J.: 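Have a look at the structure that comes next, please.
Treat the numbers as computed from the prediction; the structure is a model and nothing was measured.
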Amino acid sequence: MAPAALRLLLAILCLASRLAARAAAAGCGSNTSLAGYKADLRMSQHQLRGRVEVLDGCSFRVAALDLLPGSTSARWWRADGTDLDALSRGEPAAAEPLDRTFRSESLVFRLLPGLSWPHVPVLAAFDPVTSSLFGFVRLSGGGNASDSSSSSAAAAAAAPTMLDSCAQLSRRFRVRWTLHEANNSIDIALEAAVGSEYYMAFGWAKPGAAKPSVIGADLAVAGFTEDGLPFAEDYYVTKYSECLLRKDGLVEGVCPDTIYDRDNTTGLVNNTRLVYGHRRDGVSFVRFSRPLVSEDKRYDVSVDGTRNMTVVWAIGLLRPPDSLRPYYLPLMSRRSGSPGTPFTFAKLNLSDHASNGCVGPLDAEDKEDQARITTERNTPLAVTIGPALHYPNPPNPDKVLYINKKEAPLLKVERGVPVTFSIEAGHDAPLYITSDPVGGNATFRNASEIIYAGGPKAEGVPATPTELVWLPDRNTPDLVYYQSLYDPKMGWKIQVVDGGLSDMYNNSVLLDDQQVTFFWTLSGDSINIAARGEKKSGYLAIGFGSAMVNSYAYVGWVDGNGKGHVKSYWIDGKDGMSVHETHENVTHKRCRSENGAVVFEFTRPLAPSCSGKVECKNIIDPTTPLKVIWAMGAQWSPGPLSLKNMHSDTSNRPIRILLLSGLAEAVEDLRPVLAVHGFMMFVAWAILLPGGIMAARYLRHLKGELWFQAHTYLQYSSIAVMFLGVLFAVAELRGFSFKSRHARMGAVALTFASMQPINAYLRPHRTENGESLPGNRVAWEYLHVLTGRSAALAGIVALFTGLQHLGHRYGSKTIKGLTCGLILWVVSVILVTAYLEYMAIKRRTAGADGPSGKWVLGSTEEDDTVDLLQSDRVVSKMEFNSSPEPLEVQLEPLNR
């Protein structure tokens, strides 16, 4: 009985399942309000493309589906909208995972049981683990989408990344187009798996030529500006070269149409109109429109959409605009090893709607477009908050985290190297390091995470920032995230790697603008140096000097074959002919590209062991500050250089590096207050003080107290000016510092000078009636002379050390001239002193001011003063007082 009952139960269950399936199918077919609705998927990331068609009440087809793989949790998703909150509230719409690469496939998907289209206002490709939106399509609330009278619905169903036709021009470059012959126009989209610093060029060769040529080609050059904005411009080729302005005012090369006809005011020259552009997953996509037959007959080629025509295309590095050429210009080379692809020809028929090999999405090797920051020991990262402009993982909130003024950059840290964050993002955005790619406290989403650093207390504002120190260790995963504790998706990735340059070198500093990091290690009589760019470039150069002109430079670059190079140069001008390659003893040279950023290393002796060559003067003294500058550009070559090798970015000022201590500071312009300090010290030590000394020694032969008054006033004036000059310097530098030789010598000179007023106040009076000088008077005279002369000598030395310090600190170009001027002044004072000394000796020889005792009567104070700089004065007086002969005084009538 039991087996029979079991068989009966199984039969009933089988019948019930069949009836349920039929009921479900009947219900699925009854909901037909959206049947036949078609719309293009709008790409957000992962190169999603395709056209969604609603088949019936519970199934849909995606035709020509392209998608890069997501995680195993990625699904077709239903939601009320495309913002982060709406997607977080949504649920899966179909069971099939989107965890593989889809290559132009046409697939049918079924909605989950119990789900119908009224519950799917938005159908999205979404990964709930990373909260990543790949793309979406909005479904109409009702009505048949096949109603052609609804133009708004048709417009909403079109996506800018979907066009009718596609041609695969190379492994990493495609052209897509939609022909509008009735409107005499064509929409073209250029798509390339290249970096943001590359251009994409496409156009038509000049028809009727026996052999395809780029000369006379009508091109559209598209790409992205340094701010991440797309552009597309109309170009015309007159010569296979960069766009150059000749001396006669004409232009030639691959130039924008607007350059050729700069007086045009009708706007007919540039017939390329930008429609849309984005950077996604390391792929550039720019869509533009142009007329098939243009009114511009000089620079545009008429396009026949029904026949095969020769097209020209290329990809390569882009030169940013400058003051001379305010255009984005393509850099070109005929060499196969150069970056990008030289101009190439192909046949294309616009009426051909086949894919021509455009199967699947473009898959770039480097999918990370965000700025990169490599952290260094003892270099804090400033964490702030700002608007979301180019967040890499949509959807995202309006505000995201900025680090060192870069929007949600990719951080690269090394195990064992502490990372310091200076958090200034506000009290409502505390920072933490987590294993969760979404952040915002995973417990709120019933998810788990590992927190490595930070938390509720890791918050601050610019006025009172909070410092967070995190030390990645050997157990830290290769990928973690910095996020806000309260709001999701405000931060981005942290790559954790084993020790690199920071572990290999003892010291490192960020150069000007924080775009280049300079590493070094002193090793005996040599130095190991490394430089790392913090953004993508074709080459990186560092130089030793105040500017690139008259500097020794080292350039690192990677050629088109992926081989790194490091070479040394001497630069004595601003053009390519002024960059001279040297043959320094540079060893252990290495150069590589890390995600587009150039890193190079080398070792060189501190003092080259050679003579007679310009590089022999390239001596590095570890005890003297080394001034370091940098430059970046799009392209470098080992041979003769040209305009294409000019830098596109450079440091604004040198950084002065103390190699022994590892400290660095920016070279500043000379502060006006310090210039006033120097001038006042020159007046005091080089004019007033020597003048007072010479007045006491060489004006004694004049009647009255002129010499004594001049000596007193000049000396007190010099001391007053000295103290004012010191106050100016202390106020500007905000305190005293005796680290420099100039400050120490100035302190010594000021001490001697300050002793003179005290010395004068304590002066013992002379005896009268020819008595011999007491011992305290003799000691006072010697002390007065010694301190005065020591002050003068120390003051002159302080002036010279001040000029030397000025040159080291500010790099002033006029230091040599000022030093020569001071030397000439000192020599002049010495010559004047020698002349006055000669005249004094001559007067004493003639008896005018000798030791005969024939003094001109005057103030009795004169008798209490002495010629402090004449050392034989005391001896002469003692000899005069010991004479047994009577003193003769000659009186003269006052009315004479």
Side-chain angles (χ1 to χ4, degrees), residues 34 37-55 58-112 115-117 119-140 145 156-163 176 191 193 276 278-283 285 358-364 367 369 391-396 437-438 445 488-489:
L34 287 177
Y37 179 84
K38 297 180 181 180
D40 293 336
L41 285 165
R42 291 184 173 270
M43 180 194 302
S44 296
Q45 56 180 313
H46 280 241
Q47 297 301 301
L48 175 65
R49 280 189 179 86
R51 174 165 280 257
V52 174
E53 179 184 3
V54 177
L55 299 178
C58 56
S59 64
F60 63 97
R61 176 187 293 113
V62 182
L65 174 61
D66 285 347
L67 179 65
L68 294 175
S71 70
T72 55
S73 62
R75 295 288 191 279
W76 292 111
W77 200 260
R78 69 179 184 92
D80 297 331
T82 58
D83 59 280
L84 182 58
D85 291 338
L87 290 169
S88 299
R89 295 191 304 266
E91 295 178 350
E96 292 84 353
L98 303 178
D99 58 350
R100 66 179 180 88
T101 301
F102 293 85
R103 301 181 181 277
S104 305
E105 302 175 34
S106 181
L107 301 172
V108 175
F109 300 91
R110 292 187 63 84
L111 299 179
L112 291 175
L115 190 62
S116 59
W117 290 116
H119 299 93
V120 191
V122 173
L123 180 65
F126 183 69
D127 188 343
V129 172
T130 59
S131 293
S132 300
L133 176 64
F134 302 161
F136 66 92
V137 60
R138 296 184 184 274
L139 302 178
S140 175
T161 56
M162 296 291 292
L163 293 95
R176 300 176 184 269
E191 183 182 25
Y276 175 80
H278 69 217
R279 286 276 305 172
R280 300 283 190 274
D281 314 300
V283 177
F285 180 90
C358 295
V359 178
L362 283 179
D363 192 359
K367 296 180 175 60
D369 274 342
Y391 190 76
N393 184 25
N396 51 269
V438 179
R445 308 189 311 274
K489 300 186 72 172

J.: Mind checking the CD-CZ spacing from Glu91 to Arg75? Nearest 0.5 Å is all I need.
T.: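 Atom-to-atom, Glu91:CD and Arg75:CZ are 13.5 Å apart.
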
J.: What closest approach, in Å, do Leu65 and Leu41 show between heavy atoms, and which atom pair accounts for it?
T.: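 For Leu65 versus Leu41, the nearest heavy atoms are CD1-CD1, 4.5 Å.
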
J.: Quick check: do Pro92 and Trp77 have side-chain heavy atoms less than 4.5 Å from each other?
T.: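 A side-chain contact exists here, since the closest heavy-atom pair is under 4.5 Å.
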
J.: How long is the gap from CD on Gln47 to OG1 on Thr101, to the nearest 0.5 Å?
T.: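 OG1 of Thr101 is found 11.5 Å from CD of Gln47.
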
J.: Give me each pair satisfying side chain to side chain donor-acceptor pair (under 3.5 Å) with a member in residues 62-72, each pair once, sequence neighbours excluded.
T.: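 Non-adjacent pairs meeting side chain to side chain donor-acceptor pair (under 3.5 Å): Asp66-Ser104, Ser71-Ser73, Ser71-Asp127.
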
J.: Please name all residues satisfying side chain to side chain donor-acceptor pair (under 3.5 Å) with Arg280, sequence neighbours left out, ordered by chain then number.
T.: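 By the side chain to side chain donor-acceptor pair (under 3.5 Å) rule, Arg280 matches no residue at all.
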
J.: Indicate the atoms forming the closest heavy-atom contact of Phe134 with Gly70, along with that distance.
T.: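 Residues Phe134 and Gly70, closest heavy atoms: CZ-CA, 3.9 Å.
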
J.: Crowded around Arg61 CZ? As in, over 12 foreign heavy atoms under 6.0 Å?
T.: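 Not buried by this count: 12 neighbours or fewer within 6.0 Å.
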
J.: Going by salt bridge (charged side-chain N to carboxylate O under 4.0 Å, His left out), name the residues that satisfy it together with Asp363, two or more places apart in sequence or in a different chain.
T.: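 Checked Asp363 against salt bridge (charged side-chain N to carboxylate O under 4.0 Å, His left out); matches are Lys367.
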
J.: Test Val438 against Val129 for side-chain contact (heavy atoms from CB on, under 4.5 Å), laying out the working first.
T.: CA-CA 8 Å; Val438 179; Val129 172; over 6 Å; no

J.: Is a side-chain N or O of Arg176 found less than 3.5 angstrom from the main chain of Glu191, in a donor-acceptor match?
T.: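 Looks like no, no N/O pair under 3.5 Å.
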
J.: If the condition is side chain to side chain donor-acceptor pair (under 3.5 Å), which residues does Arg103 pass it with, not counting sequence neighbours?
T.: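 If we apply the side chain to side chain donor-acceptor pair (under 3.5 Å) test to Arg103, skipping adjacent residues, there are no hits.
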
J.: Between Pro361 and Phe102, what is the shortest heavy-atom contact and its length?
T.: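 Taking Pro361 first and Phe102 second, the nearest heavy atoms are CD-O, 3.4 Å.
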
J.: Evaluate side-chain contact (heavy atoms from CB on, under 4.5 Å) for Lys489 paired with Tyr391, printing each intermediate quantity in order.
T.: CA-CA 9 Å; Lys489 300 186 72 172; Tyr391 190 76; 3.9 Å; yes

J.: Taking all non-hydrogen atoms of both residues into account, name the closest pair between Ala86 and Gly81 and its distance.
T.: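 Looking at all heavy atoms of both residues, the closest pair is CB-N, 3.5 Å.
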
J.: Between Trp117 and Phe60, what is the ring plane arrangement, given parallel below 30°, perpendicular above 60°, and tilted in between?
T.: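 Plane angle over 60°, so perpendicular.
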
J.: Hey, could you give me each pair passing salt bridge (charged side-chain N to carboxylate O under 4.0 Å, His left out) that has a residue in residues 80-89? Not counting sequence neighbours.
T.: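 Of all non-adjacent pairs touching residues 80-89, none passes salt bridge (charged side-chain N to carboxylate O under 4.0 Å, His left out).
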
J.: Can you name the closest pair of heavy atoms from Pro394 and Ser44 and give their distance?
T.: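 Closest approach of Pro394 to Ser44: CG-O, 4.0 Å.
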
J.: Just jot down the side chain to side chain donor-acceptor pair (under 3.5 Å) partners of Glu96, sequence neighbours excluded, or say none.
T.: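 Here no residue qualifies.
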
J.: Please report the interatomic distance CG(Leu98) to CZ(Phe109), rounded to the nearest 0.5 Å.
T.: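 Leu98 atom CG to Phe109 atom CZ measures 6.5 Å (nearest 0.5 Å).
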
J.: Can you name the nearest heavy-atom pair linking Ala79 to Pro121, along with the distance?
T.: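 That would be O-CG, 3.1 Å.
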
J.: Quick check: does any side chain N or O of Asp281 sit under 3.5 Å from a backbone N or O of His46, one acting as donor and the other as acceptor?
T.: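 Between the backbone of His46 and the side chain of Asp281 there is a qualifying donor-acceptor contact (under 3.5 Å).
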
J.: Pair Leu107, Val62 - check side-chain contact (heavy atoms from CB on, under 4.5 Å), show working.
T.: CA-CA 5 Å; Leu107 301 172; Val62 182; 5.6 Å; no

J.: Drop me the distance from Leu67's CG to Gln45's CD, to the nearest 0.5 angstrom.
T.: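 Spacing of CG (Leu67) from CD (Gln45) equals 10.0 Å.
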
J.: How many angstroms lie between SG in Cys58 and CZ in Arg110, if you round to the nearest 0.5 Å?
T.: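 It comes to 4.0 Å.
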
J.: Given side-chain contact (heavy atoms from CB on, under 4.5 Å), test Tyr276 with Thr161 step by step and report yes or no.
T.: CA-CA 8 Å; Tyr276 175 80; Thr161 56; 4.1 Å; yes

J.: Any side-chain heavy-atom pair from Leu111 and Ser116 closer than 4.5 angstrom?
T.: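 No; the side chains remain at least 4.5 Å from each other.
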
J.: How long is the span from the CG atom in Leu84 to the CG atom in Asn396, to the nearest 0.5 Å?
T.: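 If I round to the nearest 0.5 Å, the distance is 8.0 Å.
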
